[in-house]
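Both ligands and their constituent atoms are indexed starting at 1 by order of listing.
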Amino acid sequence: METLEKGKFVGKGIIKVITYGTFDLFHEGHYRLLQRAKALGDYLIVGVTTETYDRARGKLNVVDSLATRIENVKKTGFADEIITEETQGQKFNDIKKFHVDIFTVGSDWTGTFDYLKDYCQVIYLERTRNISSTMLREQKQQIQRIGIIGTGRIAGRFLVEAKLVSGCSVQAAYNPHPGSAAKFAQKWGIDAYLDIEDFFSVVDVVYIASPHETHYNYIKAALEHGKHVLCEKPMVMQGIQAEKLFKYAKERGLILFEGIKTAYCPGFSRLLGIACSGTIGSVRNVEACFTKLEAPDTRELTDQKYGGSFTELGSYCMLPVLKLFGKDYEKLEFETIRGENGLDLFTKISLRYFGGIATATCGLGVKSEGRLLIAGTKGYIVAEAPWWKTAYFEVHYEEPGKVEKYSESFLGDGLRYEISDFLSMINGSSDNGFKLTRGESIALAEIMEKFLETEDRIL
Ligand code: C2G
């Protein structure tokens with residue numbers, strides 16, 4: 001075998017191909033990838049990721065051990081050599097070390113590995129769009145086929161994050177508007193449906209990322225079709241609707257889950273753990289602020305029915321308040337600054353509890369300092385913006401020099417944590433329902449409802 005010259009394939013000897021993957025819960029997508037990778041050359045090297053590397057790159061929920069995953073790759077008979085992938089940057093070194101001619105990976109990674117083009121050929125093989133239910137049944141695999149309702153920005157982010165959660169495969173998207181559905185399908189290489197019945201027939205669980213006002217009907221329809229549901233916040237904006245949907249889901253043995261990503265990220269769980277541990281004494285005051293300036297012509301600031309800062313950001317700011325003080329407030333008041341079209345540009349909610357007070361502030365048209373402050377009888381916790389993607393916070397006491405600092409990882413867009421918890425609840429492997437309880441979701445919907453009632457909206 002001749003050595004490779006930089007940027008050029010010298011193809012006189014055998015053609016060496018390399019590919020990498022976790023290969024967890026081995027399925028036909030993996031099989032087809034390896035089959036086609038082998039067909040690209042004469043000798044196939046497969047790099048199987050170690051647990052440590054998967055943890056480092058933020059891949060969650062990996063079920064099978066490294067030994068099982070290697071065994072499954074071996075069983076296909078396509079791999080001539082199996083190695084482990086242990087670190088970031090290893091691909092480049094492997095290509096040099098093994099004199100690789102072709103690097104290949106599924107098209108869900110298109111563009112990511114273009115930096116290797118200087119050293120070998122890079123080929124993105126079309127990913128397998130649909131993993132058949134028959135195959136999953138035969139292998140008794142716990143892979144959930146996810147369908148997305150709504151094809152906006154957040155749906156794209158969800159796709160990227162879902163790729164890093166083992167045990168699921170995004171297979172379909174639904175949007176009643178042909179143009180948007182087709183655009184999304186083309187961009188992300190998944191099947192888009194215009195008919196909701198066809199869509200439901202190919203998925204096990206549904207992620208809802210459509211406009212707020214459509215959530216209720218979509219959740220209901222999905223539950224009626226026996227699908228578990230993960231819905232973007234705010235799930236619904238009436239307490240009674242939330243109650244009905246949770247009851248309906250429970251009767252059918254289905255999981256209904258509101259996606260407020262902060263609730264599921266490791267840093268926020270740790271922060272709550274410390275706040276409730278007595279370290280800062282009894283919690284007496286919670287102040288949460290989240291502002292994000294939006295252009296005046298965006299949906300958030302023009303949707304007369306459900307736009308405005310509180311419907312957009314209120315779920316995040318109310319989350320720590322509900323987690324620390326609960327749902328039984330004695331008093332709740334809104335103060336709002338409205339734009340010319342009547343929508344709120346800035347809203348502050350004040351709540352009084354037995355033994356505590358809280359404010360939640362959000363703005364789309366007024367900028368303020370985003371921070372979460374939890375004050376107790378012995379000290380306080382502070383997390384600066386973006387505290388809703390909690391990665392760092394401090395605990396302070398009366399003595400100015402005494403400061404405890406906490407860091408936690410928050411990877412990517414953070415949606416992977418809620419997807420992972422949602423899947424583990426479906427599979428019954430753990431009950432993460434406590435991170436955002438049904439009662440808290442219902443309370444949030446009631447507060448949204450109260451807020452909308454204070455306004456002159458055409459509902
Ligand atoms: N794959 C596919 N079709 C699917 C699912 C996966 O073609 N429906 C491909 C992936 O694109 C990848 C391989 O199968 O090439 C292994 O997939 P995973 O086990 O999910 O591994 P992944 O996280 O994609 O790791 O360093 C690791 C690599 O970057 C890829």
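Lys91 forms no cation-pi arrangement with Phe103, by the criterion of a distance under 6.0 Å to the ring centre and an angle within 45° of the ring axis. A cation-pi arrangement is present between Lys16 and Tyr43, with the terminal nitrogen or guanidinium carbon under 6.0 Å from the aromatic centre and inside a 45° cone about the axis.
Take His30 and apply the side-chain contact (heavy atoms from CB on, under 4.5 Å) test, not counting sequence neighbours, and it matches Phe23, Phe26, His27. For Phe268, there are no ring pair (Phe, Tyr, Trp, His ring centres under 6.0 Å) partners two or more places apart in sequence or in a different chain.
Within the structure, the salt bridge (charged side-chain N to carboxylate O under 4.0 Å, His left out) test picks out the following pairs touching residues 292-301 (sequence neighbours left out): Arg153-Glu300, Lys292-Glu294, Arg299-Glu312.
Closer than 4.0 angstrom to ligand 1 sit non-hydrogen atoms from Tyr20, Gly21, Thr22, Phe23, His27, Gly29, His30, Leu33, Thr49, Arg57, Lys59, Glu85, Lys91, Val105, Gly106, Asp108, Trp109, Phe113, Arg127, Thr128.
A donor-acceptor pair under 3.5 Å links the side-chain atoms of Lys38 to the main chain of Asp42, judged by distance alone.
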